[in-house]
Amino acid sequence: QVQLVESGGGLVQAGGSLRLSCAASGRTFSSNAMGWFRQAPGKERECVAGISWRGDSTYYADSVKGRFTISRDDDENTVYLQMNSLKPEDTALYYCAAGRFQWVRTAVRDYRSWGQGTQVTVSS
């Protein structure tokens with residue numbers, strides 16, 4: 001089982017940037033895809049970005065495409081989410097997740113380990 005701990009969330013003005021980090025411990029995560037999800041109050045959890053086990057394939061939700069970048073450092077057992085040009089609608093609790101598969105999936109059921117989440121709040 002992989003343990004995941006997110007960090008880097010906070011309060012930022014619209015147009016600003018944040019970099020989220022997800023540190024993994026326990027069983028190595030380098031053989032599985034990783035994803036970033038978010039959940040706003042009253043909404044379903046959605047996948048905003050994913051990266052394959054080798055880092056050669058990525059996925060972005062249309063709402064964040066061109067603004068967010070996912071990356072992974074397997075030597076450091078860490079996955080990142082660089083978020084630029086943030087908008088108030090990006091406000092949510094952001095979760096890191098370890099996938100069940102090598103290739104990127106977007107469904108919650110395709111991820112087996114989850115962090116506790118880090119809050120991102122974007123003010124207008």
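This one's a predicted model, so the numbers in the text were calculated from it and none came from an experiment.
- Leu81 approaches Trp36 most closely through the heavy-atom pair CB-NE1, 3.5 Å.
- Heavy-atom minimum distance, Gln82 versus Ser17: NE2-CB, 4.0 Å.
- Grouped with Tyr80 in a hydrophobic cluster is no other residue, since no side-chain heavy-atom contact under 4.5 Å to another Ile, Leu, Val, Met, Phe, Trp or Tyr is found.
- The backbone N or O of Gly99 sits less than 3.5 Å from a side-chain atom of Asn32, completing a donor-acceptor pair.
- Residues forming a salt bridge (Lys or Arg N to Asp or Glu O under 4.0 Å) with Glu89 (at least two apart in sequence, or on another chain): none.
- Contacts classified as disulfide bond (SG atoms under 2.5 Å apart) and involving residues 30-65 (residues at least two apart or in different chains) are not found.
- Atom CD of Gln116 has more than 12 neighbouring heavy atoms from other residues, nucleotides or ligands inside a 6.0 Å radius.
- In the hydrophobic clustering, where aliphatic and aromatic side chains (Ile, Leu, Val, Met, Phe, Trp, Tyr) are joined below 4.5 Å either directly or transitively, Phe101 stands alone.
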>> Checking Val79 against Ile70 for the side chain to side chain contact (heavy atoms under 4.5 Å, CB included) test, could you report, in this order, the C-alpha distance in whole Å, the side-chain angles of both residues, the deciding distance, and whether it holds?
In response: CA-CA 7 Å; Val79 62; Ile70 189 171; 4.0 Å; yes
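- For the atom pair OG (Ser124) and CD (Gln13), the distance works out to 9.5 Å, reported to the nearest 0.5 Å.
- When all heavy atoms of Val64 and Asp90 are compared, the pair lying nearest together is CG1-OD1, 4.5 Å.
- Ion pair Asp62/Lys65 flagged as a salt bridge, since at least one NZ, NE, NH1 or NH2 atom sits closer than 4.0 Å to an Asp/Glu carboxylate oxygen.
- Sorted by first and then second residue, the salt bridge (Lys or Arg N to Asp or Glu O under 4.0 Å) pairs involving residues 93-106 (not counting sequence neighbours) form an empty list.
- For Glu76, the side-chain contact (heavy atoms from CB on, under 4.5 Å) partners two or more places apart in sequence, or in a different chain, are Asp73, Thr78.
- Annotation for Leu93: hydrophobic cluster partners, listed by chain and number, are Phe37, Tyr59, Tyr95, Val104, Val108, Tyr111, Trp114 (ILVMFWY side-chain heavy atoms under 4.5 Å, direct or chained).
- Listed by chain and number, the residues in a side-chain contact (heavy atoms from CB on, under 4.5 Å) with Val12 are Leu18, Leu86, Val122 (sequence neighbours excluded).
- Here Arg72 pairs with Asp74 under the salt bridge (Lys or Arg N to Asp or Glu O under 4.0 Å) rule; sequence neighbours left out.
- Checked against side chain to side chain donor-acceptor pair (under 3.5 Å), Ser52 has the following partners two or more places apart in sequence or in another chain: Asp56.
- Note: Arg54 CZ to Trp103 CH2 = 4.5 Å, rounded to the nearest 0.5 Å.
- Between atom CZ of residue Arg38 and atom CD of residue Glu46 there is a gap of 4.5 Å, rounded to the nearest 0.5 Å.
- Criterion: ILVMFWY side-chain heavy atoms under 4.5 Å apart, direct or through other members. Under it, Leu4 and Trp53 are not part of a common hydrophobic cluster.
- Summarising the geometry, atom OG belonging to Ser57 is positioned 8.5 Å from atom CD1 belonging to Ile51; distances are rounded to the nearest 0.5 Å.
- Among residues at least two apart or in separate chains, disulfide bond (SG atoms under 2.5 Å apart) pairs with a member in residues 85-124 are Cys22-Cys96.
- Shown here are the side-chain contact (heavy atoms from CB on, under 4.5 Å) partners of Thr118, two or more places apart in sequence or in another chain: Glu6, Leu20, Tyr94.
- Of all non-hydrogen atoms in Ala92 and Gln119, the two that sit nearest each other are O-NE2, 3.4 Å.
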